[in-house]
Amino acid sequence: HDIFKPQLKAALRAGMGHNLKIMFPMVAMASEVREAKAVLGECIQELKSEGKEFVSDIEIGIMVEIPSAAILADQLAKEVDFFSIGTNDLSQYTMAADRTNPKVAALSDAFNPAVIRLVNDVIKAAHAKGRWVGMCGELAGEPLAIPILLGLGLDEFSMAPPMIPVAKQIIRNLNISKMVPLARKVLGLEQPEEIRSYVKEQIPFMEDLIG
């Protein structure tokens, strides 16, 4: 609490006049979110008692980067306003492969069908509770992943600035309704390279964008 509460209070104070979202990282289960929200409630009460101004209209979210959070997404969706799927960590924890170790890094490929299926499960669980889902990490800015993620219903993409023009061009040239069957097909494929090849086959203009 010695570090956590000052950070939350600073965010609440700095959020005055802004659209503030608070996102808790490395969440594994719903009880952790409830604990974090309780601390946030304490911060709000303390700021009130101190007579300090702070933002009151905030959205609470979590990073989904641990497989247990993806599996328990239906429970977690009851506690938050949004999810942000962190595909870098989710991939390596799902595949038990450290992406910084060159000997096993290939196993943590975010195009792995297990990771794509978890992403699908998270989006479905969130939407069932009326929550929105974003994604950060390399997959969100990967051109070949964009059609899949649109088909799965991802609401928000977060990516490195250099990737934004390419992502916009891809999205503008896609019929999102046609991405739904594409994503459904991808969920049945077995290898990351099968997934990449299938997207290239179904969306020929992608080759010109990614070389």
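Computation of the quantities below employed the complete heavy-atom set of this structure, encompassing side-chain atoms and omitting hydrogens, waters and symmetry-equivalent molecules. None of the values given here were measured: they were computed from a predicted structure.
The minimum heavy-atom distance linking W132 with K21 is given by the pair CZ2-CE, 3.6 Å. The minimum heavy-atom distance linking I116 with A110 is given by the pair CD1-O, 3.6 Å. Of all non-hydrogen atoms in M63 and G86, the two that sit nearest each other are CE-CA, 3.7 Å. The nearest pair of heavy atoms linking E32 to A28 is OE1-N, 2.6 Å. Across P143 and I170, no two heavy atoms sit closer than the pair CB-CD1, 3.6 Å. Closest of all the heavy-atom pairs between C43 and L8 is SG-CB, 3.9 Å.
Cluster annotation: L182 and M135 are assigned to the same hydrophobic cluster (Ile/Leu/Val/Met/Phe/Trp/Tyr, side-chain heavy-atom contacts under 4.5 Å, transitive). The cluster map of Ile, Leu, Val, Met, Phe, Trp and Tyr, joined by side-chain heavy atoms under 4.5 Å apart, puts L152 and F157 in the same cluster. In the hydrophobic clustering of ILVMFWY residues, with side-chain heavy atoms under 4.5 Å counting as a link, M163 and I148 come out together. Put simply, F82 and L76 are part of two different groups of oily side chains (I, L, V, M, F, W, Y) that touch within less than 4.5 Å, one to the next. Under the 4.5 Å side-chain contact rule for hydrophobic residues, L154 and I171 share a cluster.
At least one cation-pi condition fails for R131 and F83: the charged atom is not both under 6.0 angstrom from the six-membered ring centre and inside a 45 degree cone around its axis.
Listed for the E65 side chain is no donor-acceptor partner under 3.5 Å among the backbone atoms of L90. Between the side chain of E201 and the backbone N or O of Y198, no donor-acceptor pair lies under 3.5 Å. D155 places no side-chain N or O within donor-acceptor distance of the main-chain N or O of G134, the cut-off being under 3.5 Å.
Side-chain contact between E156 and V133: absent, with no pair of heavy atoms (C-beta onward) separated by less than 4.5 Å. Side-chain contact between R34 and S31 is present, with heavy atoms from C-beta onward closer than 4.5 Å. Using a 4.5 Å heavy-atom cutoff, the side chains of I62 and S84 are not in contact. Contact check for K200 versus F205: no side-chain heavy atoms found under the 4.5 Å cut-off. Between L174 and M179, the closest side-chain pair of non-hydrogen atoms falls below 4.5 Å. Looking at M206 and P147, their side chains come closer than 4.5 Å, going by heavy atoms from C-beta outward. Using a 4.5 Å heavy-atom threshold, the side chains of L47 and E53 count as separate. Between S68 and M29 there is no side-chain heavy-atom pair separated by less than 4.5 Å.
For the atom pair CD1 of I85 and OG of S91, the computed distance is 10.5 Å after rounding to the nearest 0.5 Å. The line from CD1 of I203 to CD1 of I146 is 10.0 Å long, rounded to the nearest 0.5 Å. Considering CD of E138 and CZ of F111, their distance stands at 10.5 Å, rounded to 0.5 Å. Between Q7 atom CD and I22 atom CD1 the span is 10.5 Å, to the nearest 0.5 Å. In this structure, CZ on R117 lies 6.5 Å from CG on L187, to the nearest 0.5 angstrom. Of the inter-residue distances, the one linking D89 atom CG with T94 atom OG1 reads 10.0 Å to the nearest 0.5 angstrom.
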Next on the checklist: What verdict does the side-chain contact (heavy atoms from CB on, under 4.5 Å) test give for L144 and E142, after you've listed the backbone C-alpha separation in whole Å, the side-chain angles of each residue and the deciding distance to 0.1 Å?
Outcome noted: CA-CA 6 Å; L144 289 175; E142 168 59 55; 3.9 Å; yes
Item to check | Trace of the side-chain contact (heavy atoms from CB on, under 4.5 Å) decision for I60 with L40 | outcome: CA-CA 10 Å; I60 302 296; L40 179 62; 3.4 Å; yes
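In this structure, E46 pairs ionically with K5, as a charged nitrogen and a carboxylate oxygen lie closer than 4.0 Å.
Heavy-atom contacts from other residues, nucleotides or ligands closer than 6.0 Å to CG of N175 number more than 12. No more than 12 heavy atoms of other residues, nucleotides or ligands lie within 6.0 Å of NZ in K185, so this atom counts as exposed by the packing criterion. More than 12 heavy atoms of other residues, nucleotides or ligands shown are found within 6.0 angstrom of CD on E50.
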